[in-house]
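Comments concern the structure below.
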Number of protein chains: 2
Amino acid sequence: MSAEASTQHPAHSPLTQRQEERRRRILHASAQLASRGGFDAVQMREVAESSQVALGTLYRYFPSKVHLLVATMQDQLDHMHGTLRKKPPTGERAADRVAETLMRAFRALQREPHLADAMVRALTFADRSVSPEVDQVSRQTTAIILDSMGLTDPTPEQLSAVRVIEHTWHSALITWLSGRASIAQVRIDIETVCKLIDVTDPGQHTSRTHE
Amino acid sequence: MSAEASTQHPAHSPLTQRQEERRRRILHASAQLASRGGFDAVQMREVAESSQVALGTLYRYFPSKVHLLVATMQDQLDHMHGTLRKKPPTGERAADRVAETLMRAFRALQREPHLADAMVRALTFADRSVSPEVDQVSRQTTAIILDSMGLTDPTPEQLSAVRVIEHTWHSALITWLSGRASIAQVRIDIETVCKLIDVTDPGQHTSRTHE
DNA sequence: CGCTAATCTAGAACAAGTTTCAGACTTGAT
DNA sequence: ATCAAGTCTGAAACTTGTTCTAGATTAGCG
């Protein structure tokens, strides 16, 4: 409950270069193994070996497998946010742009379904001990959605809609990953939930100034 | 890939009475342990011991911990559906009734937060091998929501809205269970997503014939 | 440079999910 | 009642996440 814990994590004090490199190697190995076989294929011993780090060290950097995978997700999300920024969505209405952005993200995940599996399963399986990290992922996701809406100063109603969109996004992803929903179904769900954006702000002409 | 597997599960042929009793004992032990300490407290060895069944037998009835917990959820859901039926929601509009029903279910879960944790974590962590069982839970949830709407013959749009509501329900539950959202926040999310019901069918006077 | 604290390593050990196996018990059909 | 097939039991073994330990290495500092 206290502000910051002990000297456990190297992340708390600025990392030396070698530590930064270790951290990168670990995340890379994690993503690589995840890409192969999903959540189960990310075995801590293998991650340690692949990244040329002792098992104990791996656990010093990431206190659990879930922490590691959530950190991997943060990493990938950062990457994706950058990519999405470069090609902003083109829809007229905010709802369309959000749906477009999420479907674009979804297609990216489809290219590495195993990696997606590992990350999303970790995210939803995370318990309280991972809350800060999961929250960070959530904030990042919110930022992406708000970005695509072109909003800098959302109303509480809009924030609620975004929250629900995120819920739907995660859950729809899970149903797809576990083979219980088709890609088409995911699209429908996303498009459906995006209607909420228009509901929370029906009057506003949310089309962007097409530069 | 074939229709039905080998003679693995006793569930496939009708159970004898003793088998039915064993199954009940197992589910009871599972729920009991889950109520104590959530997902982690449901340890297969303990479940086996509590229900006076050999470990191997437990695995014959439920091929994994996740299968067991999802079955536990089915069980609890059946129970809850029965309870909810007795006191139907009273709201005027369909959206209100759905929100009321879900909040009622939510309050029930709050009474056994550890049990809720075990069941929901299992549900979202389930992989493809549990798809049929998870699907069953999903159908049951859909039935509860449609019931509360008072619909017997929903349109595709309404079904989409219900899907999104379920997504939100699961995901909001997870954020609450992992301490990242307050009860108030969950209520807001549920109420927000329930607006979709009105969107998918704005004209219709969805108030029930108050008998 | 030489010291001290922190970090890293290799490897053993532990915990809980899952599998396996030999033998005892039930069940159903004849 | 008896036999065969299927089921249950108890216990050991195996897997993978996690923790622990003793010693080597590194980093920061006087």
Side-chain angles (χ1 to χ4, degrees), chain A residues 5-23 25-26 29-30 33-34 36-72 118 121-122 125-127 129-130, chain B residues 5-26 29-30 33-34 36-71 118 121-122 125-127 129-130:
Chain A
S6 57
T7 64
Q8 278 309 96
H9 287 249
H12 289 172
S13 52
L15 300 180
T16 71
Q17 183 176 341
R18 302 189 54 182
Q19 287 175 322
E20 193 55 58
E21 283 164 4
R22 274 193 202 100
R23 199 185 127 85
R25 284 206 306 277
I26 292 171
S30 167
L33 287 170
R36 287 219 203 308
F39 188 89
D40 293 333
V42 181
Q43 303 195 351
M44 298 304 269
R45 283 174 241 263
E46 283 207 42
V47 172
E49 192 176 352
S50 281
S51 48
Q52 293 176 288
V53 137
L55 191 53
T57 305
L58 172 54
Y59 272 95
R60 174 186 285 273
Y61 280 72
F62 303 98
S64 78
K65 174 169 172 171
V66 168
H67 280 86
L68 170 58
L69 284 172
V70 171
T72 304
R121 296 262 292 284
F125 192 60
D127 65 3
S129 70
V130 205
Chain B
S6 57
T7 64
Q8 279 311 94
H9 288 251
H12 287 172
S13 51
L15 299 181
T16 71
Q17 183 176 341
R18 302 188 55 184
Q19 286 176 324
E20 192 56 57
E21 283 163 6
R22 272 193 202 100
R23 200 185 125 88
R24 285 270 120 235
R25 284 206 306 277
I26 293 171
S30 167
L33 288 170
R36 287 220 204 311
F39 189 89
D40 292 333
V42 180
Q43 303 196 353
M44 298 304 268
R45 283 175 243 261
E46 283 207 42
V47 173
E49 193 175 351
S50 282
S51 48
Q52 294 175 288
V53 138
L55 191 54
T57 305
L58 172 53
Y59 272 96
R60 175 186 283 274
Y61 280 73
F62 302 98
S64 78
K65 174 170 173 171
V66 169
H67 280 85
L68 170 58
L69 285 172
V70 171
R121 297 261 292 284
F125 191 60
D127 66 2
S129 70
V130 205

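Please read all numbers here as calculations on a predicted model, not as lab measurements. Throughout, a chain's letter reflects where its sequence line sits, starting with A, and its residues are numbered from 1.
- Formation of a donor-acceptor pair under 3.5 Å by the A:Thr72 side chain with backbone atoms of A:Leu68 is found in this model.
- Nearer to the 5' terminus of DNA chain C, by closest-nucleotide assignment, is the contact made by B:Met44 (compared with the other of B:Arg18 and B:Met44).
- In this structure, A:Thr16 does not reach the D:dA27 phosphate: none of its side-chain N or O atoms is under 4.0 Å from OP1 or OP2.
- Side-chain N/O atoms of B:Arg45 include none lying less than 4.0 angstrom from OP1 or OP2 on C:dG17.
- The CZ atom of B:Arg25 sits 11 Å away from the C1' atom of D:dC8 (whole-angstrom rounding).
- Remark: B:Glu21 CD is packed, more than 12 non-hydrogen atoms of other residues, nucleotides or ligands lying under 6.0 Å away.
- Judged by a 6.0 Å distance limit and a 45° cone about the ring axis, B:Lys65 is positioned over the six-membered ring of B:Phe39.
- Atom pair A:Glu49:CD and C:dG11:P shows a separation of 11 Å (rounding to whole Å applied).
- In this structure, A:Leu68 places its CG atom 10 Å from P of D:dG17, rounding to the nearest Å.
- Note on A:Tyr61: a side-chain N or O is less than 4.0 Å away from OP1 or OP2 of C:dC8.
- B:Leu58 is listed as a side-chain neighbour of B:Met44, based on a closest heavy-atom distance under 4.5 Å.
- Contacts of A:Val42 with the nucleic acid, taken as non-hydrogen atoms under 4.0 Å apart, involve only primed sugar atoms and P, OP1 or OP2.
- A:Asp40 places its CG atom 10 Å from the P atom of C:dT18, with the value rounded to the nearest Å.
- The distance between atom OH of A:Tyr59 and atom P of D:dT21, rounded to the nearest whole Å, is 17 Å.
- Per the geometry, CD belonging to A:Gln43 stands 12 Å off P belonging to D:dT18, to the nearest Å.
- Within a 6.0 Å sphere centred on CD of A:Glu20, other residues, nucleotides and ligands contribute more than 12 heavy atoms.
- Across the protein-nucleic acid pair, B:Leu55 atom CG and C:dA16 atom P stand 13 Å apart, rounded to whole Å.
- Contact annotation for B:Gln52: backbone-only contact, meaning every heavy-atom pair under 4.0 Å involves sugar-phosphate atoms and none involves a base.
- Mapped onto DNA chain C by nearest heavy atom, A:Arg22 and B:Phe39 fall at different nucleotides, with A:Arg22 at the one closer to the 5' end.
- Residue B:Gln19 places none of its side-chain N or O atoms closer than 4.0 Å to OP1 or OP2 of C:dT26.
- Counting non-hydrogen atoms under 4.0 angstrom, B:Val47 reaches nothing in the nucleic acid.
- Per the geometry, CD belonging to B:Gln17 stands 12 Å off P belonging to C:dG28, to the nearest Å.
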